[in-house]
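For reference, the structure discussed in these notes is given below.
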Amino acid sequence: MPQQISESELVLMKIIWKNGGCALYSQIIEQLEQDSALWKKNTVLTLLSRLIEKNYLKIRKIGRRNEYIALVTEQEYQAAQTHSFLTKVYNGNVKNLVNTLLRQDILSAEELREVEAYWAELNRSPEKSHDKQRSTQS
């Protein structure tokens with residue numbers, strides 16, 4: 001699993017993901033300004049460097065400009081963070097997480113029905129059946 005990233009680093013990653021997984025420094029700054037974030041140039045460069053060190057980004061030189069390319073998709077990041085949270089807070093017990101979501105009215109009955117329908121659809125899909133067959137053959 002990739003290293004944890006800070007809230008500020010996540011802001012930059014979201015900009016890059018929103019831009020299709022790659023962005024020039026100027027595009028990042030432009031988006032920060034549109035979001036009313038007043039970050040100094042050195043702060044942004046430091047955070048981008050940290051993301052490179054943590055293997056979330058790589059740089060591609062385009063002339064004198066740097067293009068930052070995501071090495072982790074937003075979905076991969078979300079999955080890793082969800083797994084980490086589930087493990088840390090609920091010892092990996094999904095039932096306890098869902099119980100909390102329902103008891104605290106974080107997940108409505110309608111949303112639960114949507115999740116159940118989604119789960120049922122996943123289990124009906126041919127791809128899922130193929131995955132089940134492979135796991136039983138192993």
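Please read all numbers here as calculations on a predicted model, not as lab measurements.
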Closest heavy-atom pair, Gln4 versus Lys54, reported as atoms and distance to 0.1 Å, is O-NZ, 3.1 Å

| said: When you compare the side chain of Arg113 with that of Glu110, does any pair of heavy atoms fall below 4.5 Å? | reply: yes

The remaining residues in the hydrophobic cluster of Ile62, counting side-chain heavy-atom contacts under 4.5 Å among Ile, Leu, Val, Met, Phe, Trp and Tyr, are Leu24

Residues Asn93 and Asn96: closest non-hydrogen pair is OD1-N, 3.0 Å

Item to complete: Compare all side-chain heavy atoms of Leu57 with those of Leu71 and state whether any distance is below 4.5 angstrom.
Response: no

- Quick one: are Tyr68 and Ile16 in side-chain contact, heavy atoms under 4.5 Å? yes

Across all chains, not counting sequence neighbours, the side-chain contact (heavy atoms from CB on, under 4.5 Å) partners of Ile29 are Tyr25, Leu32, Glu33, Val44

Point to revise | Heavy-atom side-chain contact between Ile5 and Met13 under 4.5 Å | key: yes

| field | Side-chain heavy-atom pair Gln27, Glu67 within 4.5 angstrom cut-off | value | no

Transitive ILVMFWY side-chain link Ile69 to Val11, under 4.5 Å: no

Tightest non-hydrogen contact, residues Trp39 and Ser8, listed as CH2-O, 3.5 Å

Check your understanding: Taking Glu121 for the side chain and Tyr118 for the main chain, is one N or O donor matched with an acceptor at less than 3.5 Å?
Key -> no

The side-chain contact (heavy atoms from CB on, under 4.5 Å) partners of Glu76 (sequence neighbours excluded) come to Val72, Thr73

- Query: Are any non-hydrogen side-chain atoms of Lys18 and Glu74 less than 4.5 angstrom apart?
  - Reply: no

Discussion item. Within the structure provided, determine whether Leu10 and Tyr56 are in side-chain contact (heavy-atom separation under 4.5 Å).
Written reply: no

